[in-house]
There are 2 protein chains.
Amino acid sequence: MKIILRRKKEVYCCDMRGMLSFLILFLLSKKEMSGKELSDEIGERKGARPSPGTIYPALKVLNLQGLIKEKKEGKEIFYSLSAEGERSLEVAKERFCKVFMDVL
Amino acid sequence: MKIILRRKKEVYCCDMRGMLSFLILFLLSKKEMSGKELSDEIGERKGARPSPGTIYPALKVLNLQGLIKEKKEGKEIFYSLSAEGERSLEVAKERFCKVFMDVL
DNA sequence: TTAAATATATCGGTTGCCCAATATTTATAT
DNA sequence: ATATAAATATTGGGCAACCGATATATTTAA
């Protein structure tokens, strides 16, 4: 997989990449969820469930960046925002709204 | 640059990629614009102007896909949506709203 | 006419998102 | 115990978005 963690200068949604991570942070801010639940929720919104090869690496990176926390329960892992993840999300939401304000 | 045009099964914003193209289509639906104007408008929303190496290849691809039209005036090229671009944008907007409904 | 400025275009390299396929771990049923 | 199922994880390959640098074309200024 080869994840090289570089210090993130900014937060998610500072460019048009990072939208999946932004969405994940947003969904976790409403309710802690397992990878499966997240992928179901995203699948419902988009119309197609992201494959495991999409969702789990994304979660791994967010965890390595310290934006989410993990809590293992049986065969599932429940994710929630860290304090830094919450701060990051707030900034990202502002940016997102500024960019897509009048689209909705 | 090497652009290989594959038939697009869907429209923009069917996954988390294609957000720049989606934004471009959206902005052009409100007003025809040159590459420079587009890049300024996006820069204002995002806080940073996309580099020429980002915006012009994107416009080229959209043109090759038949989603936008070009009109040359002096040293500028003005872009506007084609009929297919308008249809594509409508579908993309619906998807976008479904995915990001409660973020705004 | 030549020079400077502006808009557009391309190149090389990096990151993030995507899938299909496969593997691993854990829980449950037989 | 063994098989099955479910959640998580990894691999490999491709596309989209990004930048900095450089190049080309056109307009405007000197």
Side-chain angles (χ1 to χ4, degrees), chain A residues 1-25 33-43 46-65 67-68 70-79 92 99, chain B residues 1-25 33-43 46-65 67-68 70-79 92 99:
Chain A
M1 196 184 169
K2 198 173 50 176
I3 293 179
I4 298 151
L5 254 199
R6 291 182 178 75
R7 240 180 72 73
K8 255 232 163 322
K9 312 160 292 275
E10 297 284 337
V11 294
Y12 286 102
C13 199
C14 54
D15 58 42
M16 297 300 152
R17 295 175 302 181
M19 296 298 288
L20 175 64
S21 301
F22 171 65
L23 183 58
I24 290 175
L25 289 183
M33 278 191 254
S34 69
K36 177 63 168 44
E37 283 177 300
L38 261 174
S39 136
D40 285 345
E41 173 66 30
I42 293 173
K46 286 204 324 163
R49 188 181 289 104
S51 87
T54 298
I55 200 78
Y56 291 108
L59 287 168
K60 183 173 180 178
V61 170
L62 287 170
N63 186 45
L64 286 171
Q65 291 174 330
L67 300 179
I68 60 176
E70 303 188 345
K71 183 178 64 179
K72 189 155 192 184
E73 275 177 25
K75 67 184 160 189
E76 285 177 282
I77 300 174
F78 286 87
Y79 299 92
V99 172
Chain B
M1 194 184 171
K2 197 171 54 176
I3 293 178
I4 300 151
L5 256 199
R6 291 182 178 73
R7 240 180 70 77
K8 255 231 162 320
K9 311 162 290 277
E10 296 285 337
V11 294
Y12 286 103
C13 198
C14 53
D15 57 43
M16 298 299 154
R17 296 176 301 184
M19 295 299 287
L20 175 64
S21 300
F22 171 64
L23 184 57
I24 290 174
L25 289 184
M33 278 190 254
S34 69
K36 177 63 169 44
E37 282 176 299
L38 261 174
S39 137
D40 286 345
E41 172 67 29
I42 293 173
K46 286 203 325 164
R49 188 181 287 102
S51 88
T54 298
I55 200 77
Y56 290 109
L59 287 167
K60 183 172 180 179
V61 171
L62 287 170
N63 186 45
L64 286 171
Q65 291 174 330
L67 299 179
I68 59 177
E70 303 188 346
K71 182 178 65 181
K72 188 157 194 183
E73 275 177 25
K75 68 183 158 190
E76 285 176 284
I77 300 174
F78 286 87
Y79 299 92
V99 171

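This one's a predicted model, so the numbers in the text were calculated from it and none came from an experiment. Naming: A, B, ... by sequence-line order, numbering from 1 per chain. The figures that follow rest on heavy atoms only: side chains count, while hydrogens, waters and symmetry mates do not.
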Asks: Locate the shortest heavy-atom distance separating A:Asn63 from A:Glu70; write the atom from each residue and the value.
Replies: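 For A:Asn63 and A:Glu70, the tightest heavy-atom pair comes out as ND2-OE2, 3.3 Å.
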Asks: Quick one: on DNA chain C, does A:Lys75 or B:Arg17 contact a more 5' nucleotide (nearest heavy atom)?
Replies: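 By nearest-heavy-atom nucleotide position, the 5'-most residue is B:Arg17.
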Asks: Could you tell me whether the phosphate oxygens of D:dC19, OP1 or OP2, come under 4.0 Å of any side-chain nitrogen or oxygen in B:Thr54?
Replies: yes
Asks: Grab the CG-P distance between A:Leu64 and D:dA9 for me, whole Å please.
Replies: 11 Å
Asks: For a quick check of understanding: with a heavy-atom distance under 4.0 Å over all strands, which category does B:Ile55 fall into, base, sugar-phosphate or nothing?
Replies: nothing
Asks: Identify whether any heavy atom of A:Gly53 sits under 4.0 Å from a base atom; if not, whether one sits that close to sugar-phosphate; answer base, sugar-phosphate or nothing.
Replies: base
Asks: Hey, does the side chain of A:Ser21 come within less than 4.0 Å of C:dG16's phosphate (OP1/OP2), counting only N and O?
Replies: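 So the side-chain polar atoms of A:Ser21 never come under 4.0 Å of the phosphate oxygens OP1 or OP2 of C:dG16.
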Asks: Quick one: pull up CD1 in A:Ile68 and CZ in A:Phe78 and give me the separation to the nearest 0.5 Å.
Replies: 13.5 Å
Asks: So, does A:Ser51 get its side chain near the phosphate of C:dA21, meaning an N or O under 4.0 Å from OP1 or OP2?
Replies: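 Looking at the OP1 and OP2 atoms of C:dA21, neither is under 4.0 Å from any side-chain N or O of A:Ser51.
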Asks: Report the distance from atom OH of B:Tyr56 to atom P of D:dC19, rounded to the nearest whole Å.
Replies: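 Whole-Å distance recorded here is 13 Å.
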Asks: Whole Å only: how far is the CG atom of A:Leu59 from the P atom of C:dC18?
Replies: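 Roughly 13 Å, once rounded to whole Å.
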Asks: Heavy-atom nearest nucleotide on DNA chain C for A:Pro50 versus B:Phe78: which residue maps closer to 5'?
Replies: B:Phe78
Asks: Quick check: closest heavy atoms across B:Pro52 and B:Pro57, and the distance to 0.1 Å?
Replies: O-CD, 3.4 Å
Asks: Within this structure, what is the CE-to-C1' distance between A:Met16 and C:dC17, rounded to whole angstrom?
Replies: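 The distance from CE of A:Met16 to C1' of C:dC17 comes to 15 Å, rounded to the nearest Å.
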Asks: In whole angstroms, how far is the C1' atom of C:dC17 from the CG atom of A:Leu38?
Replies: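 To the nearest whole Å, that distance equals 16 Å.
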Asks: When the distance from CZ of A:Arg49 to C1' of C:dC18 is rounded to whole Å, what number comes out?
Replies: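 It is 16 Å, rounded to the nearest whole Å.
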Asks: So how far is it from A:Leu59 CG to A:Ile24 CD1, rounded to the nearest 0.5 Å?
Replies: 5.0 Å
Asks: Need to verify one output field. Residue with the more 5' nearest nucleotide on DNA chain D, A:Pro52 or B:Glu73?
Replies: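 Here A:Pro52 is the residue nearer the 5' end.
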Asks: In whole Å, what is the span from the CZ atom of B:Phe22 to the C1' atom of D:dA17?
Replies: 16 Å
Asks: What's the NZ-C1' distance between B:Lys36 and C:dT6, to the nearest Å?
Replies: 8 Å
Asks: How close do B:Asp40 and B:Arg49 get, counting heavy atoms only, and between which atoms?
Replies: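 B:Asp40 and B:Arg49 have their closest heavy atoms at OD1-NE, 2.8 Å.
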Asks: Examine D:dT10: is either OP1 or OP2 under 4.0 Å from a nitrogen or oxygen in the side chain of A:Lys60? Give yes or no.
Replies: yes
